[in-house]
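First up is the structure itself, then whatever we jot down about it.
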Protein chains: 2
Amino acid sequence: MDDLRLSLRLLRAYMVAVDCGSITGAAEVLNVAPSAVAAAIDRVEAEFGATLVVRARARGITATPAGRALAARIRPLIEDYSDVMQQGYALSQGLRGTLHIGYYAPIAPAFLPHILRNLTDNTSELNFSLQECDNITAQSGLLDGTLDVALFAGDELLAGVETRSLMDLPPYVLAPKGHALSARSELSLRDLHDTPLVLLDLPVAGAYVRRLLRAAEVTPHVVATCTSVEMVRSLVGAGAGVAVLNMRPRTQQSYGGDILRTLPLTDGDPLHLVTGRAAGTPRRLVQVFQDRLHDWFTGPEARELITL
Amino acid sequence: MDDLRLSLRLLRAYMVAVDCGSITGAAEVLNVAPSAVAAAIDRVEAEFGATLVVRARARGITATPAGRALAARIRPLIEDYSDVMQQGYALSQGLRGTLHIGYYAPIAPAFLPHILRNLTDNTSELNFSLQECDNITAQSGLLDGTLDVALFAGDELLAGVETRSLMDLPPYVLAPKGHALSARSELSLRDLHDTPLVLLDLPVAGAYVRRLLRAAEVTPHVVATCTSVEMVRSLVGAGAGVAVLNMRPRTQQSYGGDILRTLPLTDGDPLHLVTGRAAGTPRRLVQVFQDRLHDWFTGPEARELITL
DNA sequence: CAAATACATCTGCTTTTCTGAGGAAGAATA
DNA sequence: TATTCTTCCTCAGAAAAGCAGATGTATTTG
């Protein structure tokens, strides 16, 4: 790795001097003393071992053909530098770039697109990377920098992740239309005793439901475990059993075409949905997204995602 | 003109650190202490006001998406910088670029192409700018940097121009074939008395010829003054008169198709053909060209340009 | 639990860069 | 011709940037 023998400052001073045809003029443009500009020219010439500018005592300076050619190549360099700096500043101030979102919320398709569309309304230079992941990978993604922000269940927090509570998600029972349980006016976890259960067996949700049932002293009769919410829904729709879930999409129909019912439970601790990001100053885009997300979740539409 | 808030060194250190995924590793690559790299990252993050890398105590660092994007934009910047520096070094060391040549030697087409061809034999990235000019503009071109090197008559030198003698050019008489003067075995300037004269009236040559004739106490009978050698030759060929010149091309025929004779003179001070360049260290290309030129003028081919 | 790894922080040193004063050379002007 | 103006040059000292090395700490690894 060769050293940067001439700093950008030096090269820029040289370039401006060539453009101005004057050391004094360049010094004014650059807000430095003329001697600094003269020194810069000396350094550049010494480094390259050639006469790049001709100095005339009272008439300023003139670049040689080679000197002009060099200055011409420095200009785009400075401009590129400015572009990079611009992008750097835009990181914290502007709404542009790619927002990397991780979510452990299988029904995120029900609401994330709305929020993202609001975000992208004004600006165009905005991209999103949406990554479905479990609770653990979401958080480690935040920590190792592959994710800007994540939605996940607020249990089992890792150090270094700053979270904000989004919403409490009470559990509900998902049952096929016409299921015996839907006849009840009130439903408790105890009522699930001996009922065939389809379990969403993802890192946090699985343990959560098991804990819920254990707390209610219900021995689950698990007929199927799935790693996909839609598989759970379709199994339930097909009559394989019922499921305990927390969020629901905006459709009552499963992929299998069956009609599903969401039955509120009178007991059971809610799951905490949170947004998280790595500790430290986030760029503005991340903050804005997070704010919009929280705004949306305080609104009426968010209510439709849960079953009370 | 905004200041260059972050130096290239800083940006490069940041970039290398992101690439390495390690401050220590980057420090080794850059041959600096880890603390310097850490400080660089701090500076960049502080400047942009955003978290760009996630630091894990014993596992190195990982860039956030934004940090990676920024690093990716720094890389071409560094490469462009290297390119510029390469060109800079090539100025003094390599035979590339554009060589700006000015010449006050109207028959330069007779020899310059040979020399330039030799120069361009090995390398291909070589361009030439050939500018016909008079003695004064040639030298001021050197001084103001528009010319790298010039050929001109060594009289009336300007300060700041370093010259090397190329060749002494004795005057000769150009006459049409069959002219009365060609019958003589020896020809002196005095023999031109009353002979119609075509004068090349260029800044130095005109004065030179007039001085020559005055010194020989010959009153010139100027029938035409021209600013182009070929016009002089064609006028002479057409029988308008004779001319006193110093260099001759490698053809005896004028544009008008007439045959011309060059008759040596026994008297008359020669004109000094010199090469000149601005004082200071020239780039190697200029030196090489100048050397080749002088080499060529010590060879036998140069003799054909003068008439003894 | 100990060793190894790698980041964090701090202090003082070195190099780079800048300033400001004084001077000199060429150009413009009276 | 003498004077003034502009502009560049030089140099010493000061400010800033960059760096090394020591020390401390969190985390991983054996």
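Below, all heavy atoms of this structure are taken into account, side chains as well, without hydrogens, waters or symmetry copies.
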Practice task
Select one nucleotide: of C:dG26, C:dC18, C:dC7, the one nearest the side-chain heavy atoms of A:A36.
Solution key: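 My answer, after comparing the listed nucleotides, is C:dC18.
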Handout entry: From C:dA8, C:dT19, D:dA26, nucleotide with atom closest to B:I23 side chain
Key =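 That would be C:dA8.
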Practice task
Verify the ring-centre separation between A:F152 and A:Y103: is it less than 6.0 angstrom?
Solution key: no
For [X], which contact category applies under a 4.0 Å heavy-atom criterion: base, sugar-phosphate, or nothing?
X     : value
B:A40 : nothing
B:T24 : sugar-phosphate
A:R43 : sugar-phosphate

Using whole Å, what does the distance between atom [atom2] of nucleotide [N] and atom [atom1] of [X] come to?
X     : N      : atom1 : atom2 : value
B:D3  : C:dT17 : CG    : C1'   : 12 Å
B:E47 : D:dA17 : CD    : C1'   : 14 Å
A:L4  : C:dT17 : CG    : P     : 11 Å
B:L30 : D:dG18 : CG    : C1'   : 13 Å
B:I41 : C:dC7  : CD1   : P     : 8 Å
A:I61 : D:dC8  : CD1   : P     : 6 Å
B:R55 : D:dT27 : CZ    : P     : 15 Å
B:N31 : D:dG21 : CG    : P     : 12 Å

Exercise for the section: Answer yes or no: is there an ion pair linking B:R73 with A:D80, defined by an N-O contact shorter than 4.0 Å? Expected result: no
Practice task
Taking atom types as modelled, find out whether B:T275 and B:H294 have a side-chain donor-acceptor pair closer than 3.5 angstrom.
Solution key: yes
Handout entry: Side-chain donor-acceptor contact under 3.5 Å, B:Y208 with B:D269
Key = no
Within the pair [X] and [N], is there a side-chain N or O less than 4.0 Å away from OP1 or OP2?
X     : N      : result
A:R59 : D:dC8  : no
A:R57 : D:dT7  : no
A:R9  : C:dC18 : yes
B:S7  : D:dG18 : yes
B:S35 : C:dC7  : no

Handout entry: Pairwise 5' ranking along DNA chain C for B:D42 and A:V37, keeping only the more 5' one
Key =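 Counting from the 5' end, the first nearest nucleotide belongs to B:D42.
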Problem - Which residues share a ring-ring contact (aromatic ring centres under 6.0 Å, His included) with A:Y14, sequence neighbours left out - result: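 By the ring-ring contact (aromatic ring centres under 6.0 Å, His included) rule, A:Y14 matches no residue at all.
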